[in-house]
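Read through the structure below, which is laid out as structure tokens, and then see the notes.
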Amino acid sequence: MIPSLLPTVLPAAGDTDPGAAAIDGANALMTWLLGPGLRIALIIVIGGISLLVVRRLIKAVTEHIADGTSLLQRGIARPLGGTEVAAALRKVTPVANVRRTQRARTIGSVLRSTAAVVIGSIVVLLVLDQLGVNIAPFIASAGIVGVAFGFGAQSLVKDFLSGLFMLLEDQYGVGDVVDAGPASGTVEAVGLRVTKIRDADGTLWYVPNGGMLRVGNKTQGWANAVVEVKVDYFADLDQVRDLLVGAAARLAEDPELGPSIEGTATVSTAEDLTFEAVTVKVTQRTAPARQWAVARALRIAVREALEAADVPLAGQREALAAHRERLAGGGAVTSGAAVTSGTTTD
């Protein structure tokens with residue numbers, strides 16, 4: 001049996017030449033490298049270059065946003081963009097510069113992550129296609145997952161889109177006092193999904209960006225300090241107006257609050273009329289976030305001006321007269337005591 005099988009086995013073994021197999025393998029490898037391999041390398045290189053270019057472009061745009069300059073300056077703004085005047089104007093408001101820088105960094109981070117995910121996914125699919133993998137199921141699965149994700153995460157997507165547009169439009173920033181409907185207070189953190197707001201009681205509110213139907217920013221651009229004064233029904237309104245304007249003018253000369261006051265105060269009389277009082281309103285334009293301090297100081301100045309001019313507030317005519325009598329009586333007693341003391345000494 002064994003000698004009879006040798007002639008059949010030996011030729012079969014002789015047909016399998018190791019050198020020929022190695023040559024065939026090398027030829028197949030070279031064919032693959034020059035075909036799909038080269039295409040895969042080109043896909044990876046082009047994907048990397050595309051990602052690098054997109055990142056550079058995003059960086060350039062975000063740097064222009066952070067600096068406060070326009071990437072495409074046109075018209076009359078074009079010659080002003082590179083002047084020293086424009087640079088000085090951009091440095092006048094440091095708070096706005098900080099907010100703009102923060103907004104630019106957040107937008108840049110989101111755009112870079114999105115670009116990396118999109119370009120990376122395209123590169124992976126193209127590489128799989130060159131490896132002979134059928135990518136049609138992947139594309140179909142991605143479509144089904146996208147539809148399911150869209151239906152299941154509508155609120156999440158809404159929050160992200162609202163946060164992105166909020167950052168682009170600079171509706172508010174960290175440190176602003178806002179009224180967001182569900183919560184009102186000082187903004188402590190701004191994200192793409194939620195905004196953290198600290199109210200006057202110290203409660204920290206997490207408000208989804210998609211749930212903000214309207215936002216009132218009380219500390220953006222400029223503000224008004226509004227003080228309403230209810231004076232006696234029979235008070236001279238022209239005199240009251242002059243007193244309030246004078247009080248606001250003296251407050252503008254204050255070294256601490258003066259820089260926060262813009263323009264002159266506006267006094268409107270007879271805002272409201274009742275059987276015992278006439279409401280007079282003082283409006284003073286201020287720098288952002290300074291309206292509350294100016295309003296408190298303005299109330300004190302108005303009170304002092306009205307008291308010095310013997311103009312009573314609503315329902316305080318008798319109380320003002322009694323206060324004047326007490327002051328006059330105290331002054332007479334003090335004078336009498338001084339005279340008595342002087343006579344005894346003599």
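Basis for what follows: all heavy atoms, side chains included, without hydrogens, waters or symmetry-related copies.
- When atom types are taken as modelled, the side chain of Thr279 and the backbone of Glu271 share no donor-acceptor pair closer than 3.5 angstrom.
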Would Thr283 and Asn224 satisfy side-chain hydrogen bond (donor to acceptor under 3.5 Å, both in side chains), going step by step from the backbone distance to the final call?
CA-CA 6 Å; Thr283 305; Asn224 278 333; over 6 Å; no
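- Summarising the geometry, atom CG belonging to Asn217 is positioned 9.5 Å from atom CD belonging to Gln171; distances are rounded to the nearest 0.5 Å.
- Asp232 places a side-chain N or O within donor-acceptor distance of the main-chain N or O of Phe234, the cut-off being under 3.5 Å.
- A donor-acceptor contact closer than 3.5 angstrom links the side chains of Asp179 and Ser184.
- With rounding to the nearest 0.5 angstrom, the OG1 atom of Thr114 is 10.5 Å from the CD1 atom of Ile119.
- Asp242 contributes atom CG, which lies 11.0 Å from atom CG of Leu237 (distance to the nearest 0.5 angstrom).
- Atoms OH and CD1, from Tyr172 and Ile197 in turn, are 6.5 Å apart once rounded to the nearest 0.5 Å.
- With respect to Asp272 and Lys281, no salt bridge is recorded, no charged nitrogen being found less than 4.0 Å from a carboxylate O.
- Among residues two or more places apart in sequence or in another chain, the side chain to side chain donor-acceptor pair (under 3.5 Å) test is passed with Trp205 by Asp199.
- Using a distance-only test at 3.5 Å, with no hydrogens or angles considered, no donor-acceptor pair links the side chain of Gln291 to the main chain of Gln284.
- The salt bridge (charged side-chain N to carboxylate O under 4.0 Å, His left out) test applied to Glu188 returns Arg198, not counting sequence neighbours.
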